[in-house]
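Computed from a predicted model, the values in this text were never measured in an experiment. Labels below follow one simple rule: chain letters A, B, ... track the order of the sequence lines, proteins then strands, and each chain is numbered from 1.
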Amino acid sequence: MQTEHKTPASLETLVTLCKRRGFIFQSSEIYNGLNGFWDFGPLGTELKNNLRDAWWQDMVRNPPLGPDGEMLDIVGLDSAIIQNPKVWAASGHLGGFNDPMADCRESKSRYRADHLMVYVPESGEGTAFAFLEGEPAVAEKRIKKNAKSDPSAYKVVAFTDLDPALIPSVWGPDASEPGTLTEPRQFNLMFKTFIGALAGEGEENTAYLRPETAQGIFINYKNVVDTMRVKLPFGIAQVGKSFRNEVTPRNFIFRSREFEQMELEWFCHPDDATKWYNFWVEARLQWWASLGVDMRNLRRRDHDEDELAHYSTACADVEYQYGFTAPGFGELEGIAHRGDFDLTQHQEASGTKMEYLVQETNEKVIPHVIEPSSGLTRGVLVLLNEAYTEEFVPKGNTEGGVQLAKPGAQVPEGYEKRVVLKFAPRLAPIKVAIFPLLKNREELVGKAKDLYAELRKTWPCFYDQTGAIGRRYRRQDEIGTPFCVTVDFDSLEDNTVTVRDRDSMKQERIPASELKAWLHSKGI
RNA sequence: GCGGGUGUUGCUUAGUGGUAAAGCCCCAGCCUUCCAAGCUGGUCACGCGGGUUCGAUUCCCGCCACCCGCUCCA
């Protein structure tokens, strides 16, 4: 059945709901928060774990069948967050991205500070004129025109060596007045730390929090090949935290400085790499759809050649129409064809041979790598976006059914608004809620608690006896609990219970003895 | 990092140079035989730090966080 296409929820709506219902909190909130960091509350933790477990189940333990219907071999890994800094030198994360940069506030240009030179008046007083190394003409012209002076009255100083107090009097290369340049700043996005309790903050003690989980896989590639009897092609998967010192964390948990990734590195023969690349792009798109994400909100976007990263020969993103990007799309997962870049880099930097011997042909190859790299944190945001639904439901009963609320529409006469998170049952933080119909009847309460004690052995459950039954249903709707079980007076007679479905709001009477089997059949 | 905006309880709002009000939510009690009912009571807030002032949630400064636009996203 083709369902109506929902309008994406605004970010503000989601942030508010997440806080109110215990999904996601601002990190360090009681100390005014910390930009770019978020804490997962009780329900957010369950949701995130469920997404992670679904990925692990569907990628490592029971991956999809390959392009020729064959079973794939993928093994798991959990590498350290802090690795030898040489890893990041070899991967390219350190080199070339570690230079101090200066911005021009006016022209918005960004300069490598070590490429900027400055004409400073010998007297030390007055405007100084900056120019790009090797292009002093602009500055010399200005000295004559604006300072009515001659370059010989100036000395040339590197911008990086300039007294910071003089920066406000520096005239940038393409500014229309002095004082628009910022102080040089480091732009490396890796978090630095220092190893050893007594260690100083010297270069020799510096280490980095990993900016991606992928490198932990590459540096263990040989260990896995030597111990796990894997044969090409095979995959190594890892889920874990990564850290990037983003210039601008934005959009709730979409871009945060601490986040989680779910990454697969698929090692294959170079001749087959294109085939596997295409396979994984399609497989990953399908996987998100299998979680109940509306295909109309997903799309594949192939990177243009000029936006490919230095390591990549092809890359496609799985994009999602987030509320804050709509009608556009934002990245959810990237599938990169990394070629043999990483293994070759580590082979050269470490001296460890990364070749794989293909027994059948006695051929030694450095495998090529296809990397489906997915954001677990972003995945949670997608699930929340996708699940969030506003509906109009008839007051007092459910006979009139439910209808999707249009943004800004008035609630129709006789209806009221319901907020419901329509998570796939597999992903819902709480699977079953158990209620006694009334809390002032001991028999109902006792039986409901017995049921709760039994069900919580198997599933995350929630017991609630507070308020009217309808209120309790709505509370569960708002956190996405797929099933509510109510013990009523009939239950005392014939040992049946009612199970109320979150989406249809319909009830079904089930013998208590069959409840577990019934719930299992619903995919929770 | 730059520019603009915002900041009163969990949420939505009111208000004031003399430390704050309401609705919803939440909690407790009563009631209630299935979809946010009712009654009674209750908890909870002026983002943080300075300054001015006898006194600041209110005025000023700084900071922090969030939102929008740039920038960034290897």
Partner of [N] by Watson-Crick or G-U wobble geometry, both contacts under 3.5 Å, or none?
{"N": "C46(B)", "answer": "none"}
{"N": "C72(B)", "answer": "none"}
{"N": "A56(B)", "answer": "none"}
{"N": "C66(B)", "answer": "G5(B)"}
{"N": "C30(B)", "answer": "G38(B)"}
{"N": "A21(B)", "answer": "U13(B)"}

With a 3.5 Å cut-off and just heavy-atom distances, do the side chain of [X] and the base of [N] make a donor-acceptor pair?
{"X": "Tyr31(A)", "N": "C64(B)", "answer": "no"}
{"X": "Gln507(A)", "N": "C34(B)", "answer": "yes"}
{"X": "Thr16(A)", "N": "G10(B)", "answer": "no"}

For the [atom1] atoms, the ones on [N] and on [M], what distance do you get once it is rounded to whole angstrom?
{"N": "G1(B)", "M": "G62(B)", "atom1": "P", "value": "16 Å"}
{"N": "C59(B)", "M": "C46(B)", "atom1": "C1'", "value": "15 Å"}
{"N": "U6(B)", "M": "A74(B)", "atom1": "P", "value": "34 Å"}
{"N": "C60(B)", "M": "U52(B)", "atom1": "P", "value": "16 Å"}
{"N": "U16(B)", "M": "A21(B)", "atom1": "P", "value": "14 Å"}
{"N": "G17(B)", "M": "G55(B)", "atom1": "C1'", "value": "8 Å"}
{"N": "U19(B)", "M": "C25(B)", "atom1": "P", "value": "31 Å"}
{"N": "G47(B)", "M": "U9(B)", "atom1": "P", "value": "7 Å"}

Inset, instruction - Identify, between Tyr473(A) and Thr248(A), the residue whose nearest nucleotide on RNA chain B lies closer to the 5' end. - result: Thr248(A)
Legend entry - Position toward the 5' end of RNA chain B (nearest nucleotide), Phe252(A) or Arg20(A): Arg20(A)
Under 4.0 angstrom between [X] side-chain N/O and [N] OP1 or OP2:
{"X": "Asn251(A)", "N": "C68(B)", "answer": "yes"}
{"X": "Arg475(A)", "N": "C26(B)", "answer": "yes"}
{"X": "Arg471(A)", "N": "C25(B)", "answer": "yes"}
{"X": "Asn32(A)", "N": "C63(B)", "answer": "no"}
{"X": "Lys439(A)", "N": "G29(B)", "answer": "yes"}

Inset, instruction - Please work out if Arg250(A) contacts a base, only the sugar-phosphate, or nothing of the nucleic acid, heavy-atom cut-off 4.0 Å. - result: base
Inset, instruction - Name the nucleic acid region contacted by Asp490(A), choosing base, sugar-phosphate or nothing; use a 4.0 angstrom heavy-atom cut-off, strictly under. - result: nothing
Legend entry - Salt bridge Arg418(A)-Glu391(A), side-chain N to carboxylate O under 4.0 Å: yes
Inset, instruction - Using a strict cut-off of less than 4.0 Å between a Lys/Arg side-chain nitrogen and an Asp/Glu carboxylate oxygen, indicate whether Glu212(A) and Arg338(A) qualify as a salt bridge. - result: yes
Counting side-chain heavy atoms from C-beta on, which of [options] comes nearest to [X]?
{"X": "Glu416(A)", "options": "A36(B), C34(B), A65(B)", "value": "A36(B)"}
{"X": "Met190(A)", "options": "U32(B), A74(B), C66(B)", "value": "A74(B)"}
{"X": "Arg244(A)", "options": "C35(B), C73(B), C34(B)", "value": "C73(B)"}
{"X": "His93(A)", "options": "A36(B), A74(B), A65(B)", "value": "A74(B)"}
{"X": "Thr466(A)", "options": "A28(B), C72(B), G69(B)", "value": "A28(B)"}
{"X": "Arg255(A)", "options": "C68(B), U32(B), C72(B)", "value": "C72(B)"}

Inset, instruction - Taking atom CD of Glu443(A) as the centre, report whether more than 12 heavy atoms of other residues, nucleotides or ligands fall under 6.0 Å from it. - result: yes
Legend entry - Over 12 foreign heavy atoms within 6.0 Å of NZ, Lys417(A): no
Would you mind reading off the distance between [X] atom [atom1] and [N] atom [atom2], rounded to a whole angstrom?
{"X": "Leu11(A)", "N": "C68(B)", "atom1": "CG", "atom2": "P", "result": "7 Å"}
{"X": "Gln465(A)", "N": "U33(B)", "atom1": "CD", "atom2": "P", "result": "16 Å"}
{"X": "Glu390(A)", "N": "A36(B)", "atom1": "CD", "atom2": "C1'", "result": "15 Å"}
{"X": "Asp488(A)", "N": "U33(B)", "atom1": "CG", "atom2": "P", "result": "12 Å"}
{"X": "Phe37(A)", "N": "A65(B)", "atom1": "CZ", "atom2": "P", "result": "10 Å"}
{"X": "Asn245(A)", "N": "U71(B)", "atom1": "CG", "atom2": "P", "result": "20 Å"}
{"X": "Leu34(A)", "N": "C48(B)", "atom1": "CG", "atom2": "C1'", "result": "14 Å"}
{"X": "Glu12(A)", "N": "U6(B)", "atom1": "CD", "atom2": "P", "result": "14 Å"}

Legend entry - Asp317(A)/Arg301(A) under salt bridge (charged side-chain N to carboxylate O under 4.0 Å, His left out): CA gap, chis, key distance, verdict: CA-CA 5 Å; Asp317(A) 283 345; Arg301(A) 189 179 71 81; 3.6 Å; yes
Legend entry - Heavy-atom donor-acceptor pair, Tyr322(A) side chain to Glu331(A) backbone, under 3.5 Å: yes
Legend entry - Pi-cation contact, Phe243(A) with Arg257(A) (under 6.0 Å, within 45°): no
Legend entry - Pair Glu265(A), Tyr221(A): side-chain N/O donor-acceptor within cut-off below 3.5 Å: no
